Amino acid sequence: MALFSRHKAPDWSADGKPGNEAKCRKLPTPHTLKRDIWFDDPHTARAVCNGDADGIICPMRQQCLMQAMINCERHGVWAGLSEEQLAWMRKEYRREPAMWNVDNAPSDEELAAHASSREDTTEPPQEATGPIQLELPF
């Protein structure tokens with residue numbers, strides 16, 4: 001099995017224009033750190049993308065989201081969104097790529113409310129009645 005991207009990644013350097021460059025390129029690379037914030041520290045990674053730390057939102061957020069959605073990225077922070085937000089968007093807008101927009105992602109509070117409402121409506125698991133007996137032809 002080979003791992004490959006379904007879609008070529010955008011030019012994160014924005015052709016050398018520092019104001020349009022992805023903010024993640026300006027951070028130390030994972031091999032120089034003891035941990036990778038994009039996978040190990042999602043709160044810090046989201047703060048970088050969303051501009052919580054310095055007030056500047058990453059200019060490549062929408063391209064990052066498209067890359068994640070097209071390639072079905074399931075782990076790490078992409079476009080300042082959590083794994084749960086990406087999963088929700090993947091499910092909700094499965095056949096609507098035009099809706100893959102950072103602004104369409106639910107907030108953490110909305111996700112929590114949605115999860116709690118689903119827990120309230122689920123039926124309790126049925127108790128097992130014992131092992132299932134299969135009749136085999138031999």
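Worth saying up front: this structure is predicted, and the values here are computed from it rather than measured.
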Just by distance, do the side chain of Trp100 and the backbone of Tyr93 share a donor-acceptor pair under 3.5 Å? yes
Minimum side-chain heavy-atom gap Pro97-Met69 below 4.5 Å: no
For Asp41, give me all partners under side-chain contact (heavy atoms from CB on, under 4.5 Å), at least two apart in sequence or on another chain. Arg35, Ile37, His43, Thr44
Decide whether Leu27 and Trp12 are clustered together by the hydrophobic rule: side chain heavy atoms of Ile, Leu, Val, Met, Phe, Trp, Tyr closer than 4.5 Å, transitively. no
Identify all side-chain donor-acceptor contacts of residues 47-54 below 3.5 Å with residues at least two apart in sequence or on another chain.
from  : atom 1 : to    : atom 2 : distance (Å)
Asn50 : OD1    : Arg61 : NH1    : 2.6
Asn50 : ND2    : Arg46 : O      : 3.2
Asn50 : ND2    : Gly80 : O      : 3.1
Asp54 : OD1    : Lys23 : NZ     : 2.8
Asp54 : OD1    : Ile56 : N      : 3.0
Asp54 : OD2    : Lys23 : NZ     : 3.2

Quick one: closest heavy-atom pair of Pro106 and Met89, and the distance? CD-CG, 4.5 Å
Transitively linked via ILVMFWY side-chain contacts under 4.5 Å: Met99 with Leu111? yes
Test: salt bridge (Lys or Arg N to Asp or Glu O under 4.0 Å). Region: residues 80-106. Which pairs qualify, not counting sequence neighbours? none
Say whether Ile70 and Met60 are linked into one hydrophobic cluster, either directly or through other cluster members, by side-chain heavy-atom distances under 4.5 angstrom. no
Heavy atoms only: give me the nearest Gln62-Val102 pair and the separation to one decimal. OE1-N, 3.4 Å
Closest heavy-atom pair and its distance - Ala22, Cys58: CA-SG, 3.8 Å
Give the minimum heavy-atom separation between Glu110 and Ser107, together with the two atoms involved. OE1-N, 2.8 Å
Nearest heavy-atom approach of Cys24 to Trp38 is CB-CZ2, 3.3 Å
Closest non-hydrogen atoms of Cys64 and Ala79, given as atom of the first, atom of the second and distance, are SG-N, 3.2 Å
Set out, in order, the CA-CA distance, both residues' side-chain angles and the distance that settles side-chain contact (heavy atoms from CB on, under 4.5 Å) for Gln63 and Asp11, then state yes or no. CA-CA 9 Å; Gln63 292 90 328; Asp11 179 13; over 6 Å; no
First locate atom CG of Leu86, then atom NE2 of His75, and finally report the distance between them rounded to the nearest 0.5 Å. 11.5 Å
